[in-house]
Amino acid sequence: MLPAHLVDALRPLAGARIALIAPAGGVKDDRIDIARAVMVAAGIETCLGEHARDHHRYLAGTAADRLSDLQAAFEYPNIDAVWCLRGGYGSAQFVQAIDWDRIPPDVPLI
């Protein structure tokens with residue numbers, strides 16, 4: 001059973017296409033699956049980052065893979081937002097390497 005209050009809260013985003021990435025700490029598969037199911041139930045199309053399910057120690061993959069997912073997410077066709085499944089210290093490991101010219105100013109990072 002999906003949490004109805006979360007589905008209802010996200011319904012205003014129905015029709016949006018949102019990329020889901022894990023730029024920091026690792027995320028358990030069941031949590032990713034629930035997040036995607038809630039978004040789909042709210043009418044949101046999701047695009048999961050290639051390395052979102054990876055684990056490297058306590059992080060969601062290597063710094064290079066997490067950076068790659070961040071950059072790629074902003075380049076998905078017709079993407080409305082990029083949503084981090086989890087935040088944390090791991091993002092600081094690659095922030096200096098972000099190619100800001102590849103990130104459109106009109107696509108929010110959540």
Side-chain angles (χ1 to χ4, degrees):
M1 183 80 172
L2 295 176
H5 67 287
L6 295 178
V7 174
D8 291 342
L10 292 173
R11 252 187 239 293
L13 298 174
R17 188 165 196 247
I18 297 178
L20 300 173
I21 61 169
V27 182
K28 293 181 180 180
D29 285 340
D30 62 327
R31 291 185 178 198
I32 293 172
D33 295 339
I34 291 168
R36 292 184 84 186
V38 166
M39 290 182 163
V40 168
I44 300 166
E45 180 184 351
T46 63
C47 304
L48 187 63
E50 180 181 351
H51 302 285
R53 294 182 188 273
D54 290 359
H55 292 276
H56 179 72
R57 298 185 183 132
Y58 62 92
L59 298 168
T62 65
D65 288 343
R66 291 179 281 120
L67 172 60
S68 174
D69 274 6
L70 173 78
Q71 297 285 184
F74 283 98
E75 295 173 351
Y76 290 151
N78 304 313
I79 204 70
D80 295 300
V82 176
W83 194 315
C84 298
L85 292 163
R86 186 177 166 181
Y89 163 76
S91 302
Q93 294 178 335
F94 63 79
V95 72
Q96 75 283 354
I98 295 172
D99 182 352
W100 296 101
D101 292 333
R102 291 175 55 191
I103 297 180
D106 60 338
V107 177
L109 175 64
I110 303 167

- Item | Nearest heavy-atom neighbours spanning A42 and A14 | O-CB, 3.3 Å
- One should read off an interatomic distance between I21 CD1 and D69 CG, to the nearest 0.5 angstrom, of 6.5 Å
- Query: What about F74 and L13, same hydrophobic cluster or not, with Ile/Leu/Val/Met/Phe/Trp/Tyr joined at side-chain heavy-atom distances under 4.5 Å?
  - Reply: no
- Message: Could you tell me if the side chain of L70 sits less than 4.5 Å from the side chain of L109, heavy atoms only?
- Response: yes
- Query: What pair of heavy atoms forms the shortest contact from Y76 to L48, and how long is it?
  - Reply: OH-O, 3.8 Å
- CD of Q96 to CD1 of I98, rounded to nearest 0.5 Å, is 8.5 Å
- Query: Transitively linked via ILVMFWY side-chain contacts under 4.5 Å: W100 with V107?
  - Reply: yes
- Query: Is the backbone N or O of D99 less than 3.5 Å from a side-chain atom of Q71, with the two atoms forming a donor-acceptor pair by type?
  - Reply: yes
- One should read off an interatomic distance between H55 NE2 and K28 NZ, to the nearest 0.5 angstrom, of 9.5 Å
For residues 85-94, dump all side-chain donor-acceptor pairs below 3.5 Å to protein atoms at least two apart in sequence or in another chain.
from	atom 1	to	atom 2	distance (Å)
R86	NH1	G26	O	3.0
S91	OG	P23	O	3.4
Q93	OE1	R66	NH2	2.6

- Message: Please check this pair: side chain of D80 against backbone of I18, looking for a donor-acceptor N/O pair closer than 3.5 Å.
- Response: no
- Would you find more than 12 non-hydrogen atoms of other residues, nucleotides or ligands less than 6.0 Å from E50 atom CD? no
- Message: Rounded to the nearest 0.5 Å, what separates atom CZ in R17 from atom CD1 in I44?
- Response: 13.5 Å
- Item | Within 6.0 angstrom of N78 CG, more than 12 heavy atoms from elsewhere | no
- Would I79 end up clustered with W83 when hydrophobic side chains under 4.5 Å apart are linked, directly or stepwise? no
- Query: Mind checking whether L20 and I32 have side chains closer than 4.5 Å, heavy atoms only?
  - Reply: no
- Note on the structure: Residues at least two apart in sequence or cross-chain that pass side chain to side chain contact (heavy atoms under 4.5 Å, CB included) with A72, listed by chain then number, are none
- Count the heavy atoms belonging to other residues, nucleotides or ligands that lie under 6.0 Å from CZ of R11, then report whether that count exceeds 12. yes
- Task: Starting at CG of L2, measure out to CD1 of I34 and round the result to the nearest 0.5 Å.
- Result: 8.0 Å
- Would you mind reporting whether T62 and H51 have side-chain heavy atoms less than 4.5 Å apart? no
